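Every value quoted in this text rests on a predicted model; they were computed, and no experiment measured them. Along the sequence shown, residues are numbered consecutively beginning with 1.
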Amino acid sequence: QVQLVESGGGSVQAGGSLRLSCVASVGTGTYDQYDMAWFRQRPGKKREGIAALGSIGRTASADSVKGRFTISRDNAKNTLYLQMNNLKPEDTAKYYCAAGWNTGNLGDPLSETQYPYWGQGTQVTSSS
């Protein structure tokens, strides 16, 4: 079992930055054995994967955030980060952290089906 707690959300003006954090409590194995990802759900939209960082270093990001958002992890602190720069109004969403047992290079790292463990989410609002 993995428990995830996100923090760092808030309200910023367009062009601003935020850094989200997700702290994991791991019951089986160790944190560095898990693939991690960030998802978001914008108002009226389905939840979408935006950035992933696997246990063996595989990364993926959605086109909508490339060049603006950076995912990273600190395995010593059981923590996943999402640095968000140049935020746009369309980035307004609830952001979720997700974890799944490492899959190597199998599957779509931005697919919800890869991750059975989810946090409660943190709200990010970017206004123009």
Side-chain angles (χ1 to χ4, degrees):
Q1 294 294 325
V2 179
Q3 293 183 322
L4 303 169
V5 179
E6 303 98 334
S7 63
S11 296
V12 297
Q13 289 193 324
S17 298
L18 284 173
R19 187 175 81 155
L20 305 184
S21 299
C22 170
V23 178
S25 298
V26 176
T28 301
T30 57
Y31 177 73
D32 61 358
Q33 294 175 301
Y34 286 83
D35 295 336
M36 302 297 297
W38 288 99
F39 288 74
R40 70 182 180 187
Q41 188 164 20
R42 294 182 281 184
K45 304 284 188 180
K46 292 177 59 177
R47 192 158 56 183
E48 59 179 340
I50 57 169
L53 179 53
S55 62
I56 58 173
R58 181 175 68 151
T59 61
S61 60
D63 289 343
S64 58
V65 305
K66 280 180 180 174
R68 299 188 300 122
F69 291 9
T70 302
I71 188 171
S72 62
R73 63 192 293 169
D74 185 337
N75 289 337
K77 295 182 179 180
N78 284 18
T79 302
L80 182 73
Y81 301 100
L82 185 69
Q83 178 66 43
M84 304 186 293
N85 297 328
N86 190 22
L87 281 159
K88 303 177 180 181
E90 53 264 41
D91 294 318
T92 293
K94 194 162 188 179
Y95 285 72
Y96 297 89
C97 174
W101 188 253
N102 79 82
T103 62
N105 287 323
L106 300 177
D108 178 0
L110 295 181
S111 170
E112 288 189 38
T113 61
Q114 300 285 90
Y115 305 97
Y117 305 110
W118 293 81
Q120 294 299 306
T122 185
Q123 179 67 37
V124 171
T125 302
S126 177
S127 56
S128 58

Roughly how far, to the nearest 0.5 Å, is the [atom2] atom of [Y] from the [atom1] atom of [X]?
{"X": "Trp118", "Y": "Tyr96", "atom1": "CH2", "atom2": "OH", "result": "9.0 Å"}
{"X": "Cys97", "Y": "Met36", "atom1": "SG", "atom2": "CE", "result": "3.5 Å"}
{"X": "Ser127", "Y": "Leu87", "atom1": "OG", "atom2": "CG", "result": "10.5 Å"}
{"X": "Leu18", "Y": "Thr125", "atom1": "CG", "atom2": "OG1", "result": "9.5 Å"}
{"X": "Tyr31", "Y": "Asn75", "atom1": "OH", "atom2": "CG", "result": "6.0 Å"}
{"X": "Asp35", "Y": "Trp101", "atom1": "CG", "atom2": "CH2", "result": "10.0 Å"}

Between [X] (side chain only) and [Y] (backbone N and O only), is there a donor and an acceptor less than 3.5 Å apart?
{"X": "Asn102", "Y": "Gln33", "answer": "yes"}
{"X": "Gln114", "Y": "Ser111", "answer": "no"}
{"X": "Gln123", "Y": "Gly10", "answer": "no"}
{"X": "Gln1", "Y": "Gly27", "answer": "no"}
{"X": "Ser126", "Y": "Lys88", "answer": "yes"}
{"X": "Thr79", "Y": "Lys77", "answer": "yes"}

query: For Ser17, what residues pass the side-chain contact (heavy atoms from CB on, under 4.5 Å) criterion, not counting sequence neighbours?
result: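 Residues passing side-chain contact (heavy atoms from CB on, under 4.5 Å) with Ser17: Gln83, Asn85.
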Test side-chain contact (heavy atoms from CB on, under 4.5 Å) applied to Arg58 - qualifying residues, sequence neighbours left out: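 Scan of Arg58 (side-chain contact (heavy atoms from CB on, under 4.5 Å), adjacent residues dropped) gives Thr103, Asn105, Pro109.
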For [X] and [Y], work out which heavy atoms get closest and say how close.
{"X": "Ala99", "Y": "Val2", "value": "CB-CG1, 4.2 Å"}
{"X": "Pro89", "Y": "Ala14", "value": "CD-CB, 4.0 Å"}
{"X": "Gly100", "Y": "Tyr115", "value": "N-CD2, 3.6 Å"}
{"X": "Asp91", "Y": "Asn86", "value": "OD2-O, 4.4 Å"}
{"X": "Thr28", "Y": "Val26", "value": "O-CG1, 3.2 Å"}

message: side-chain contact (heavy atoms from CB on, under 4.5 Å) for Arg68 and Ser61? Distances and angles first, verdict last.
response: CA-CA 10 Å; Arg68 299 188 300 122; Ser61 60; over 6 Å; no
Is there a side-chain contact between [X] and [Y] (heavy atoms, below 4.5 Å)?
{"X": "Leu20", "Y": "Val124", "result": "yes"}
{"X": "Ser72", "Y": "Arg19", "result": "no"}
{"X": "Ile50", "Y": "Leu82", "result": "yes"}

field: Hphob cluster co-occupancy, Val65 + Leu80, side-chain heavy atoms under 4.5 angstrom
entry: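 Same cluster.
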field: Common cluster, Tyr95/Val23, ILVMFWY with side-chain heavy-atom separation under 4.5 Å
entry: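 Unlinked, Tyr95 and Val23 end up in two clusters.
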Under-4.0 Å salt bridge between Asp63 and Lys66: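 Judged by the 4.0 Å cut-off on N to carboxylate O distance, Asp63 and Lys66 do form a salt bridge.
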message: Salt bridge or not between Glu112 and Arg47? Use side-chain N to carboxylate O under 4.0 Å.
response: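 So Glu112 pairs with Arg47 through a salt bridge.
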message: Using the rule given for side-chain contact (heavy atoms from CB on, under 4.5 Å), can you reason through Gln41 versus Glu48, listing the C-alpha separation, both sets of side-chain angles and the distance that settles it, and then say yes or no?
response: CA-CA 6 Å; Gln41 188 164 20; Glu48 59 179 340; over 6 Å; no
- prompt: Would Ser55 and Asp32 satisfy side-chain contact (heavy atoms from CB on, under 4.5 Å), going step by step from the backbone distance to the final call?
  reply: CA-CA 6 Å; Ser55 62; Asp32 61 358; 6.0 Å; no
field: Quiz item: cation-pi between Arg73 and Tyr34, 6.0 Å / 45°
entry: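 No.
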query: So, Trp38 versus Phe69, ring centres under 6.0 angstrom or not?
result: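 No, ring centres 6.0 Å or more apart.
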message: One pair to check against side-chain contact (heavy atoms from CB on, under 4.5 Å): Ile71 and Tyr81. What are the steps and the verdict?
response: CA-CA 6 Å; Ile71 188 171; Tyr81 301 100; over 6 Å; no
query: So does Gln13 have more than 12 non-hydrogen atoms from other groups sitting under 6.0 Å from CD?
result: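 No - once you tally the heavy atoms of other residues, nucleotides and ligands closer than 6.0 Å, there are 12 at most.
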message: Check this for me: Glu90, atom CD, are more than 12 non-hydrogen atoms of other residues, nucleotides or ligands nearer than 6.0 Å?
response: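 Atom CD in Glu90 is crowded, with more than 12 foreign heavy atoms closer than 6.0 Å.
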